[in-house]
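Only heavy atoms go into these numbers, but all of them, side chains included; no hydrogens, no water, no symmetry mates. Starting from 1, each residue takes its place in the sequence as its number.
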Amino acid sequence: MEKQIIIEKLNGHDKEAIVGKCHKKPGEQVAEGEVLITVESSKGSFAIKSDYEGKLIKLDIDEGDTVKKGQSIGLIEASKEPAEKKPAYSFGIAKAVDKDMAFDVIVIGGGPGGYVAAIRAAQSGLKTAVIEADKLGGTCLNYGCIPTKAMISSIGIIDNIKQAHNHGISTGEIEIDFTRLIERKNEVVDQLVGGIEHLMGANDIEFIHGKAEILDDKKIKVNTKKFNYKLEYKNLILALGSKPSYLPIEGADSEDILTSTELLSLREIPKSLVIIGGGVIGMEFAFIYRALGTDVSVVEFMPQILNVLDSDVAEVVRDEAIERGIKIYEGAKATSIKTTLDGMKLLELELDNKTMHICSEKLAMAVGRKANLDSLDLEKLGIELNERKNGIKVNEYMQTNQENIYAIGDVTNIIQLAHIASHQGMVAADHIAGGMHKIDYSAVPSAIFTMPEIGTVGLCEKQARAEELDVIVSKFPFIANGKAIAMGESKGFVKLIADRKTRIILGGSVVGPHATDLMAIISNFVAIKITIDEAKTVIYAHPTTSESIHEAILMLEGKGIHFA
């Protein structure tokens, strides 16, 4: 009997891939489960196996061809039906089976800290499992870093079209298909989640989708539709993440108050939006929705938006925001949120010792995140919290007070950044495997995707002055950089901080084109504690924006070439 060969599945959420190798030729015998072809995608290789035993009649594809999920790629003369697979259900009702398993390492949480820790542990030969109640990739991949950057990429195109006339290019009226924009964002997320799923399999990591529950010492329970897991561990890594914070004001607990999660999944572009919080999350969304045509207002309690940054860095973004029509209210205290008869949100705030109001269609809260300390029974584990009781207490190897239990990422509340979580995950996994690696928190880069972008690392001028350190500060503007001028993106500057006595570069900030990528150069300076004398000998390609870093280094000695 002839049977079609259908590609039922590809890597993760891949919809297409390229044929890397054909392992069988027409006329050859094929065993059930034998590999017919291997396909390649961005997530790696994937084997397409035969569901039948028999003779291969034909293959309709060649090496190098693109194939899609659901595509028929040939025919096989099956000698018998495939072995019957036992159903996981009985009489239409899911029947969960008890499954006892033991692991060297169990990671609770599949975010950027958790999945990286699991991969690192598996690479060390440790039998590893990951438990995740939501989606692999955590907040960063599903509700934060990645989806916001996908949307920022889309509005960057809008920006380029609006500026096309400066390049002698005429365009018509811009039409925004918001549904398609959100769909593309989801496709980006799905592709990356699929990549992590592939990595779980490639590293022989047991992935369990469900909520972990502590039973007793070294035992965890997870109930799913298919299995009632009872898991035993030698070492446990807690990667529990964080959740949005809310101001303790009237109306903040209303169901229609938005957070970053809801802002990423709106079905329509709001006519007006008030964002409480002018930090990283608030300002990124302010630029996104303003570019989409929304009337945006940002209310910030501190005297300056992006308050952790030097004032001259924040000022570049503040001026750009105002130029684009974003209303900024700094030093403003939100006091209550009410809903009008027509469903609008009314924010009451105190500004300049006066009570004022802002009315908008939507209102979002972007006032930081707090550790997910209540997502697991930490008391059963005997875990201690830090002095402020806002994160799990850990040592330099990410160990808690229980030597076989580690905590990483936002739940420790040390620095809430995805790349810190990942690095902490590697430190924890390496320590379990016998390593003694520590993190140097003095060289942690930060990337802010406003317009223009901001990148920072190490010491900023504000910190240096507060600590009364004897430092040299230089600042080279992009208006003096050839590449930036050619791109039409000359706002901002490169700023460096160095110790006057040792001449070691202690930190830096970049605000301007490709700032978040340029920070890698300065991050390396800070991490290896390079001196001005060593750094200035490096040759930078022309014309590039990276030349601005070289100029800023020269200016630490008062010897800049292209800026007086």
Side-chain angles (χ1 to χ4, degrees), residues 9-14 33 43-47 49 85-89 94-138 141-142 192-241 372 375-377 381 398 404-409 411 421-422 424-426 428-434:
K9 189 180 186 316
L10 292 170
N11 263 336
H13 296 280
D14 277 350
K43 303 180 185 70
S45 60
F46 186 79
K49 301 177 182 179
K85 296 178 181 178
K86 294 183 179 180
Y89 301 91
K95 184 179 180 182
V97 179
D98 288 338
K99 193 169 185 178
D100 296 347
M101 303 176 77
F103 296 91
D104 297 314
V105 179
I106 290 180
V107 182
I108 301 180
Y115 83 76
V116 169
I119 292 171
R120 188 70 158 213
Q123 288 172 340
S124 297
L126 301 172
K127 187 178 179 184
T128 305
V130 171
I131 304 169
E132 172 55 59
D134 190 8
K135 299 176 182 178
L136 278 172
L141 201 161
N142 294 283
L192 292 171
V193 170
I196 299 174
E197 290 175 353
H198 168 72
L199 292 171
M200 293 292 103
N203 287 279
D204 293 323
I205 297 167
E206 183 81 19
F207 171 57
I208 301 167
H209 188 208
K211 183 171 175 56
E213 182 182 335
I214 304 300
L215 290 177
D216 51 40
D217 185 38
K218 296 188 177 181
K219 287 184 181 177
I220 294 172
K221 178 176 75 173
V222 185
N223 291 340
T224 68
K225 290 182 179 180
K226 194 173 182 181
F227 296 111
N228 293 323
Y229 290 93
K230 290 181 181 178
L231 311 172
E232 189 170 343
Y233 61 87
K234 293 180 182 177
N235 298 279
L236 181 65
I237 299 177
L238 303 176
L240 307 177
N372 268 328
S375 63
L376 202 66
D377 192 343
L381 293 172
M398 309 314 298
N404 69 321
I405 301 178
Y406 297 71
I408 61 174
V411 78
S422 295
Q424 289 175 336
M426 289 189 282
D430 286 348
H431 192 255
I432 291 169

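- Closest heavy-atom contact between Ile408 and Ala428: CG2-CB, 4.0 Å.
- The shortest side-chain heavy-atom distance between Ile237 and Asn235 does not fall under the 4.5 Å cut-off.
- Taking NZ of Lys219 as the start and NZ of Lys221 as the end, the distance is 13.0 Å to the nearest 0.5 Å.
- Atom-to-atom distance recorded for Leu238:CG and Leu376:CG is 6.5 Å, nearest 0.5 angstrom.
- Ile131 CD1 to Leu231 CG: the interatomic distance, rounded to the nearest 0.5 Å, is 5.0 Å.
- Nearest approach of Asp134 to Glu132, heavy atoms of both residues: N-OE2, 2.7 Å.
- Atom CZ of Phe103 is separated from atom CG of Leu236 by 12.5 Å, given to the nearest 0.5 angstrom.
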- [ ] Begin from the C-alpha positions of Thr128 and Asn203 and carry the test side chain to side chain contact (heavy atoms under 4.5 Å, CB included) through to its verdict.
- [x] CA-CA 9 Å; Thr128 305; Asn203 287 279; over 6 Å; no
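- Summarising the geometry, atom OH belonging to Tyr115 is positioned 7.0 Å from atom CG belonging to Leu141; distances are rounded to the nearest 0.5 Å.
- Screening Ile119, Val116, Leu136 against Ile196 for a side-chain contact (heavy atoms from CB on, under 4.5 Å) leaves a single residue, Leu136.
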Task: Lys230/Asp98 under salt bridge (charged side-chain N to carboxylate O under 4.0 Å, His left out): CA gap, chis, key distance, verdict - done: CA-CA 8 Å; Lys230 290 181 181 178; Asp98 288 338; 5.5 Å; no
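- A distance of 14.0 Å separates NE2 in His431 from CZ in Arg120, rounded to the nearest 0.5 Å.
- The main-chain N or O of Ile214 is never found under 3.5 Å from a side-chain atom of Asp377 such that the two would form a donor-acceptor pair.
- Contact detail for Phe46 and Lys9: the closest heavy-atom pair is CE2-O, 3.2 Å.
- Figure legend: Lys99 and Tyr229 shown without cation-pi pairing, the cationic atom not lying both under 6.0 angstrom from the six-membered ring centre and within 45 degrees of its axis.
- Pairing each heavy atom of Val222 with each of Ala212, the nearest pair is CG2-CA, 4.0 Å.
- Heavy atoms only, all atoms of each residue included: Ala239 and Val107 are closest at CB-CG1, 4.4 Å.
- Using a 4.5 Å heavy-atom cutoff, the side chains of Lys218 and Asn404 are in contact.
- A heavy-atom distance below 4.5 Å is found between the side chains of Ile405 and Tyr233.
- Heavy-atom minimum distance, Val130 versus Gly110: CG1-CA, 4.0 Å.
- With hydrogens and angles disregarded, a donor-acceptor distance shorter than 3.5 Å links the side chain of Lys127 to the backbone of Ala102.
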